[in-house]
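Atom set for the values below is all heavy atoms of this structure, side chains included, hydrogens, waters and symmetry mates excluded. Just so it is clear, the model here is predicted, and its values are computed rather than measured. Reminder, nothing fancy here: chain letters follow the sequence lines and each chain counts from 1.
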Amino acid sequence: MSFLEGVLINVFILVIITQGVYLLTGMTGLFSLGQAAFVATGAYAAGIVATRYQAPFLLSLAAGVVASVVVSLVVGYPSLKLRRVHFSLATIAFGYGIESILNVSTGITGGAIGLIGIPNITRLWHVLLAAFLTIALVRNFKLCRYGRACVSTRTDEVAAQVYGVNAFVTKEIVFAFAAGISGLAGGLLAFYLGYLSPDMFGIPISAEYLIMVFFGGLYSQTGVILGTIFLALLMEMLRATAELRMVLYCTIILIFIIFRPTGVFGTWEFSRAWLAGLSGRAFGPGVVKEGVKDNGFKQA
Amino acid sequence: MGSNRRDSAPAFLEVRQVEKRFGGVLAVNGLSFQVLKGEIVGLIGPNGAGKTTVFNIISGVTRPDRGLVVLDGREVQGLHPFQIARLGIARTFQEIHLFKELTVLHNVMSAGHLRATYGFWEGLLRLPRVRRIESRLAEESLNMLSMFGLGDVATAGAGELPYGLQKTLEIVKALITRPRLLLLDEPAAGLNPEETDRLKELIHRIRDQFDLTIIVIEHTMDLIRDVSDHIVVMNFGEKLAEGHWDEVRCNEDVVRCYLGED
């Protein structure tokens with residue numbers, strides 16, 4: 001595997017993960033600071049079934065997704081009843097919890113030493129395919145009534161409920177969906193790296209996902225994808241600057257956030273209409289324009 | 001709608017002995033009244049009389065401490081708002097609750113959540129059926145917006161609309177849910193006399209066109225006079241009087257505690 005392929009695998013695994021964060025934070029307004037824990041759950045589940053039971057690649061990935069979704073349902077049920085900040089605090093607790101569980105259960109996960117011997121299977125085309133599917137599903141979700149329910153819940157939960165939206169179930173759906181996406185990314189990561197250790201999935205990693213989402217544009221799926229690619233590549237390129245790397249990385253992000261608080265792309269969405277040069281002024285999280293276009297309506 | 005009909009016909013909505021306490025304050029105290037199918041009932045009373053709390057209880061936003069709310073023979077008190085929405089009760093808010101950062105059309109389509117009848121997986125895969133339902137909902141939303149004079153601003157941001165149009169949009173959003181009972185909380189607040197006259201017409205028109213039963217909270221007395229078949233007067237959480245405009249207007253208690261004040 002070439003160096004470039006390795007870099008791109010990392011980049012597109014991040015693209016997959018931030019699609020989940022976009023669903024949670026961008027569309028639904030839930031700030032999860034423990035999203036890396038779901039990546040960990042997926043990665044470890046896939047790695048464990050692959051190393052212990054010699055499960056094939058696809059089956060292991062599926063196990064990762066299922067494990068992540070199951071954990072999200074268990075964690076989501078109590079924590080999604082909490083209000084905004086309290087929910088975020090709960091996800092921090094969850095993030096630390098998973099990290100400690102992985103550290104402590106030495107017999108299953110290898111503890112702090114890590115889980116080793118996972119076969120190196122993931123290639124770039126696997127990751128690209130997975131990223132493409134994830135992006136397509138997230139786009140469809142955003143355009144359907146459940147996507148609109150997320151946005152209404154974020155904007156005005158009381159009003160959303162009055163229009164028949166079960167806000168709690170909506171949050172559970174989106175939390176589980178995001179966890180499934182993270183689980184898939186985790187599985188791909190496990191089969192790419194070949195080993196896993198708990199410190200790869202701490203709270204700072206979760207915070208980094210959030211930064212990528214904010215950087216590109218919290219309310220723009222396009223922005224989240226491009227922002228993630230840009231920041232992930234930037235991180236790689238700054239490797240040359242050694243110790244200064246984090247300083248430069250943070251400075252660049254700060255400059256962008258100060259001058260574009262809504263993210264580089266704001267609420268702009270890539271669409272066929274835009275390609276055709278028809279796009280007018282963008283408004284709202286882009287859902288509307290696309291929704292209208294896809295419903296066969298011409299816009300003036 | 002004379003009082004004869006009120007005595008004999010079964011109630012479409014019945015509020016029975018409803019009580020709600022916030023801390024030490026009895027916001028609603030043993031309130032009972034009935035609404036017949038197809039009626040427009042005015043709910044009036046001084047500020048703080050508990051009118052909006054009654055709406056919150058009927059629409060499930062607030063749970064009553066005691067008492068029943070019966071819609072078409074079914075007890076609905078204590079249900080969640082989204083469950084009550086499914087039973088056909090829609091409402092507008094006194095303080096506008098639009099999704100301000102979304103476009104007007106997107107607001108209506110979001111409110112049409114229950115009208116888009118497909119499941120999660122269908123939506124995720126965007127099956128042809130989903131596309132069909134979505135385009136029907138968009139079409140109906142646009143039609144409804146045109147019907148209420150909002151057709152031209154469908155792609156504008158809801159928060160950018162002038163106040164009067166925001167109020168109309170709230171009504172359109174309630175109507176897209178195809179309710180049986182519509183609760184209007186101070187629809188005329190902040191409107192000028194012309195707009196208020198148009199609103200009176202609109203309330204009658206939607207009642208007839210959408211086969212609605214309507215309860216309206218209002219401080220604008222000439223609107224209440226012109227649209228209400230029946231009026232319930234509240235004061236300090238209790239029912240002070242009820243009846244037709246002429247009966248209520250002459251009621252001494254009402255005159256003293258409310259109408260006289262203005």
Side-chain angles (χ1 to χ4, degrees), chain A residues 23 133-134 136-170 172-174 176-177 180 219 262 266-267 279-300, chain B residues 56 59-61 80-86 89-93 96-107 109-120 122-127 130-139 142 152 154-158 160 170 173-174 176-177 183:
Chain A
L23 281 173
L133 287 176
T134 306
L137 289 180
V138 168
R139 174 189 169 276
N140 288 349
F141 179 79
K142 177 178 157 176
L143 291 178
C144 85
R145 71 179 182 129
Y146 297 95
R148 284 197 297 270
C150 290
V151 177
S152 348
T153 302
R154 181 194 80 212
T155 317
D156 190 329
E157 189 165 328
V158 175
Q161 300 235 60
V162 165
Y163 299 121
V165 172
N166 184 337
F168 178 68
V169 166
T170 301
E172 283 229 295
I173 286 175
V174 108
F177 191 3
Y219 301 142
T262 54
T267 60
S279 175
R281 189 176 51 117
F283 206 97
V287 185
V288 197
K289 280 207 165 270
E290 286 209 13
V292 175
K293 176 179 64 64
D294 279 25
N295 289 321
F297 279 91
K298 287 270 183 325
Q299 292 192 11
Chain B
N56 285 343
S59 62
V61 174
H80 290 290
F82 60 86
Q83 294 170 313
I84 287 182
R86 283 163 202 184
I89 298 183
R91 69 171 290 178
T92 64
F93 291 91
I96 291 180
H97 273 248
L98 293 174
F99 306 132
K100 288 209 167 80
E101 53 199 276
L102 307 181
T103 68
V104 169
L105 177 64
H106 189 193
N107 263 275
M109 289 182 72
S110 301
H113 182 74
L114 297 175
R115 302 292 310 286
T117 49
Y118 51 79
F120 172 72
E122 288 176 290
L124 211 53
L125 299 175
R126 205 161 177 77
L127 300 180
V130 173
R131 287 168 190 269
R132 252 195 329 272
I133 292 173
E134 283 289 297
S135 77
R136 251 202 320 258
L137 178 62
E139 194 172 355
L142 281 172
D152 296 338
T155 53
E160 294 176 348
E170 280 256 289
K173 287 175 74 177
I176 198 78
T177 66
L183 312 175

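B:His106 contributes atom NE2, which lies 6.5 Å from atom OG of A:Ser152 (distance to the nearest 0.5 angstrom). For the atom pair OG1 (A:Thr170) and CZ (B:Phe120), the distance works out to 10.5 Å, reported to the nearest 0.5 Å. Atoms CD and CD, on B:Gln83 and A:Gln161 in that order, are 9.5 Å from each other to the nearest 0.5 Å. How far CD of B:Glu122 is from CZ of A:Arg145: 9.5 Å, rounded to the nearest 0.5 Å. For the atom pair B:Glu101 CD and A:Thr155 OG1, the distance stands at 4.5 Å (nearest 0.5 Å).
Per-residue counts of heavy-atom pairs under 4.5 Å with chain B were compared for A:Tyr163, A:Tyr146, A:Phe141; the largest is that of A:Tyr163. Note on A:Val138, A:Val158, A:Asp156: by heavy-atom pairs under 4.5 Å with chain B, the leading option is A:Asp156. When B:Ala116, B:Ala85, B:Ala174 are compared by the number of non-hydrogen pairs under 4.5 Å with chain A, B:Ala116 comes out ahead. Contacts with chain B were tallied for A:Ala136, A:Cys144, A:Ala167, A:Ala149; A:Cys144 has the most, counting heavy-atom pairs under 4.5 Å.
Contacts of B:His80 with chain A are absent, with no heavy-atom separation under 4.5 Å from either backbone or side chain. Contacts between B:Phe93 and chain A at a heavy-atom distance below 4.5 Å involve the side chain alone, from C-beta outward. When heavy atoms are compared at a cutoff of 4.5 Å, B:Thr177 approaches chain A solely by way of its side chain, counted from C-beta outward.
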Practice task
Before giving the answer on side chain to side chain contact (heavy atoms under 4.5 Å, CB included), spell out for A:Leu137 and B:Leu125 the whole-Å C-alpha distance, their side-chain angles and the decisive distance to 0.1 Å.
Solution key: CA-CA 7 Å; A:Leu137 289 180; B:Leu125 299 175; 4.3 Å; yes
Exercise for the section: Begin from the C-alpha positions of B:Glu134 and A:Leu143 and carry the test side chain to side chain contact (heavy atoms under 4.5 Å, CB included) through to its verdict. Expected result: CA-CA 9 Å; B:Glu134 283 289 297; A:Leu143 291 178; 6.0 Å; no
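With contacts defined as side-chain heavy-atom distances shorter than 4.5 Å, the pair B:Leu124/A:Phe177 qualifies.
Judged by distance alone, the side chain of B:Arg86 and the main-chain N or O of A:Gly164 form a donor-acceptor pair under 3.5 Å. Side-chain N or O atoms of B:Arg91 include none that pairs as donor or acceptor with a backbone N or O of A:Val162 at under 3.5 Å.
A pairwise comparison of heavy atoms in A:Arg148 and B:Leu137 identifies NH2-CD2, 3.5 Å as the closest pair.
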